[in-house]
2 protein chains.
Amino acid sequence: MQSNTSDSPTVLVVDDDPKIRRLVAAHMSQQGFSVELAATGEEALEKAPLHQPAAVVLDISMPGIGGFEALERLREWYTDPVIILSATDQEREKVRALDLGADDYVTKPFGTEELAARLRAAIRRAERLSAPDNQSDPVVDATDFKIDLAARLVYKDDEEVRLTRTEFDLLRTLAVDAGKVLTHRHLLQEVWGPEYGAETEYLRTFVKQLRRKLENDPSRPRRILTEPGVGYRLFLE
Amino acid sequence: MQSNTSDSPTVLVVDDDPKIRRLVAAHMSQQGFSVELAATGEEALEKAPLHQPAAVVLDISMPGIGGFEALERLREWYTDPVIILSATDQEREKVRALDLGADDYVTKPFGTEELAARLRAAIRRAERLSAPDNQSDPVVDATDFKIDLAARLVYKDDEEVRLTRTEFDLLRTLAVDAGKVLTHRHLLQEVWGPEYGAETEYLRTFVKQLRRKLENDPSRPRRILTEPGVGYRLFLE
DNA sequence: GGGCGCTCTCACGGATTCGTCACGCTCATG
DNA sequence: CATGAGCGTGACGAATCCGTGAGAGCGCCC
């Protein structure tokens, strides 16, 4: 997937019929997708690189650049799923579209739930592809130590460090905004909950623990820095 | 893809109707696939790990283990495409199958050319995913013990260990994300269902059982580790 | 219907972790 | 140089979490 993996995936819907566009747009956004629209093949080829959608829903019969040509041109660079929408049920067309690189082929009239499910399935597959999880997850690297956020593990000099729950939560909060100064209030609310904010003693205690376990010279911290009167920040080289 | 990438890809066709089996087998081998056949869900679950097919074509309505259950059980370890065959065109069923991990859903009667094209498309995608390496070997090796995800069997020191259903499901959940810390909530939802999440007593009971059966010294676990306040993790190597 | 195996429940130590606190240090300020 | 706020430090009791064993309930197969 090429776009925002975190929030709702964007789907580019291409159809010359305004009714279909509205119908699909309404149902797909209701099903949790962000929707972009295009009325022609030309517009689709313009908007696709712009929005980097997680999938494209493409009508076959359109004036100008038709669905087949749009599909071919898209596939020159676009590797995420393309689902063909078509009014005809002809096997020839299906075979042609699929062999041109389409991921799926849905015939009008279609169920919106089904289309959504097929989109989910296609995007799910594409996500696995773009995340080549050969064992290693995204790792925050602080030279002295490394944090594997997905595995919830921390290494210092390639040796695993045992952190308690709160210690890790605090370190993670510092790490996701590494370099920035995070206020006492922000850290407390993030780790202990929204009803906290004034308990700076907690921070002192756990920052000390983290330094003891992670700093080369805990009495002279170089990674977890104090910003007097404000908060702390994690310094990555 | 898990099997012979060079010659014609193997497709496992599962249907209780001999006519359909013959029909599909004839056309698919004509289209350049090697075909393996299974008449029931049980047989499919046996043959799939044996032949490591590049894709599975699965009928929904079968006596005994139906298509849905077969799909679920397959997806515990099988990552290559599964295309559902069904006599009914009901949207509910399509959505359910696709959300259970099916890659495509084809309604009977179907064009054999179309099925072949959908198979080609699905296999083409899967090939991109499993580039050079052997992808997820259905056997997880933890030196002390081995887990055969497809056969649902566990060996300790090359002797088979009898695990109950829940014990195995828990071990499998730990194994597919081996090395990572998995939260109580994640484990509970994965093994007991999405409506669970707070029942940590279950975990304690079943982790204890797993340790009793798999650890060399159950009182000093080296494989199934506790992360206090967070969850558990399976430690390999 | 009886027996068996499995899941779920529960209560009790024991171990770990968390929150608390007092004290001493540092640094900016007047 | 005195002062005080803010922070680091270490220790300790309380709260939490975990392992353990036993047993009740339940479904399944003989």
Side-chain angles (χ1 to χ4, degrees), chain A residues 152 154 161-174 181-185 187-193 195-234, chain B residues 64-65 152 154 160-174 181-185 187-193 195-235:
Chain A
R152 220 192 153 88
V154 178
V161 179
R162 265 183 51 88
L163 293 190
T164 68
R165 182 167 61 85
T166 329
E167 285 163 10
F168 182 87
D169 288 347
L170 179 57
L171 179 63
R172 182 189 44 206
T173 312
L174 287 165
V181 179
L182 301 179
T183 62
H184 297 137
R185 163 169 234 81
L187 292 169
L188 284 162
Q189 294 191 343
E190 205 67 30
V191 176
W192 278 268
E195 64 272 31
Y196 291 79
E199 298 77 355
T200 55
E201 333 87 63
Y202 298 8
L203 289 177
R204 275 188 272 144
T205 307
F206 283 94
V207 163
K208 160 148 195 306
Q209 286 291 79
L210 283 178
R211 284 175 174 155
R212 189 173 66 77
K213 293 183 177 178
L214 297 176
E215 295 275 2
N216 286 325
D217 179 358
S219 65
R220 224 154 288 152
R222 302 181 51 83
R223 298 275 97 100
I224 302 172
L225 305 181
T226 306
E227 298 291 329
V230 184
Y232 296 88
R233 69 187 234 254
L234 183 66
Chain B
I65 293 186
R152 283 186 85 88
V154 177
E160 195 182 318
V161 180
R162 267 183 53 85
L163 293 190
T164 69
R165 185 169 56 81
T166 318
E167 285 164 9
F168 182 85
D169 287 346
L170 179 57
L171 180 63
R172 170 168 49 78
T173 311
L174 287 164
V181 178
L182 302 180
T183 62
H184 297 136
R185 164 167 293 278
L187 293 168
L188 285 162
Q189 294 193 340
E190 206 66 30
V191 175
W192 278 269
E195 65 271 31
Y196 291 80
E199 299 78 356
T200 54
E201 332 87 62
Y202 298 8
L203 290 177
R204 274 187 273 145
T205 308
F206 283 93
V207 163
K208 167 152 191 302
Q209 287 292 78
L210 283 178
R211 282 175 174 156
R212 189 173 65 76
K213 294 182 178 179
L214 297 176
E215 294 275 1
N216 287 325
D217 180 358
S219 67
R220 221 156 299 161
R222 301 182 53 81
R223 299 272 94 103
I224 303 172
L225 305 181
T226 307
E227 298 289 329
V230 183
Y232 295 88
R233 69 190 238 247
L234 184 66
F235 185 71

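Here is how names work: the chains are called A, B, and so on, in the same order as the sequence lines, proteins then strands, and each is numbered from 1. Because only heavy atoms are used, hydrogens play no part in the values below, and waters and symmetry mates are left out as well, while side chains stay in. The structure presented is a predicted model; accordingly, all values stated were derived computationally and were not measured.
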**Message:** Does C:dC8 have its OP1 or OP2 closer than 4.0 Å to a side-chain nitrogen or oxygen of B:W192?
**Reply:** yes
- Please tell me if the side chains of B:W192 and B:T166 come closer than 4.5 Å, counting only heavy atoms from C-beta onward. yes
Per atom distances to the B:P228 side chain, the nearest of C:dG19, C:dT17, C:dT7 is C:dT17
Is A:T226 close to A:R211 at the side-chain level, that is, under 4.5 Å between some pair of heavy atoms? yes
CD (B:E227) and OG1 (A:T164) are apart, to the nearest 0.5 Å, by 10.5 Å
N or O in side chain of A:T226 less than 4.0 angstrom from D:dG8 OP1/OP2: yes
- Query: For C:dT7, does either OP1 or OP2 sit under 4.0 Å from a side-chain N or O belonging to B:R165?
  - Reply: no
B:E201 atom CD is separated from D:dG23 atom C1', nearest whole Å, by 16 Å
note: A:L163, atom CG; C:dC18, atom C1'; distance rounded to Å ~ 15 Å
- Message: So, OP1 or OP2 of D:dG19: does either fall under 4.0 Å of a side-chain N or O from B:R220?
- Response: no
Counting the atoms with a prime plus P, OP1 and OP2 as sugar-phosphate, which does B:T205 contact under 4.0 Å by heavy atoms, base, sugar-phosphate, or nothing? base
Parallel, tilted or perpendicular: which describes the rings of A:H184 and A:Y232, with under 30° parallel and over 60° perpendicular?
perpendicular
Atom CG of A:D169 and atom P of C:dT17 are separated, to the nearest Å, by 14 Å
B:R212 atom CZ is separated from C:dT7 atom P, nearest whole Å, by 12 Å
**Asked** Should A:Y232 be listed as having a side-chain N or O under 4.0 Å from OP1 or OP2 of D:dG8?
**Response** yes
Rounded to whole Å, CG of A:L225 lies from P of D:dG8 at a distance of 11 Å
Whole-Å distance, B:E215 CD to D:dT20 P, equals 11 Å
When rounded to whole Å, the OH to C1' distance for the pair B:Y196 and C:dC8 reads 9 Å
When rounded to whole Å, the CG to C1' distance for the pair B:D217 and D:dG19 reads 14 Å
Taking the side chain as C-beta and beyond, is there a heavy-atom pair between B:L234 and B:L182 under 4.5 Å? no
Short side-chain N/O contact from B:H184 to OP1 or OP2 of D:dC18, under 4.0 Å: yes
Please determine if a side-chain N or O atom of B:T164 lies less than 4.0 Å away from the OP1 or OP2 oxygen of C:dC6.
no
A:R204 side-chain N/O to C:dC18 phosphate OP1/OP2 under 4.0 Å: no
* Asked: Does B:Y202 make a side-chain N or O approach to OP1 or OP2 of C:dT9 shorter than 4.0 Å?
  -> yes
Is there a side-chain polar atom (N or O) of A:K208 under 4.0 Å from OP1 or OP2 of D:dC7? no
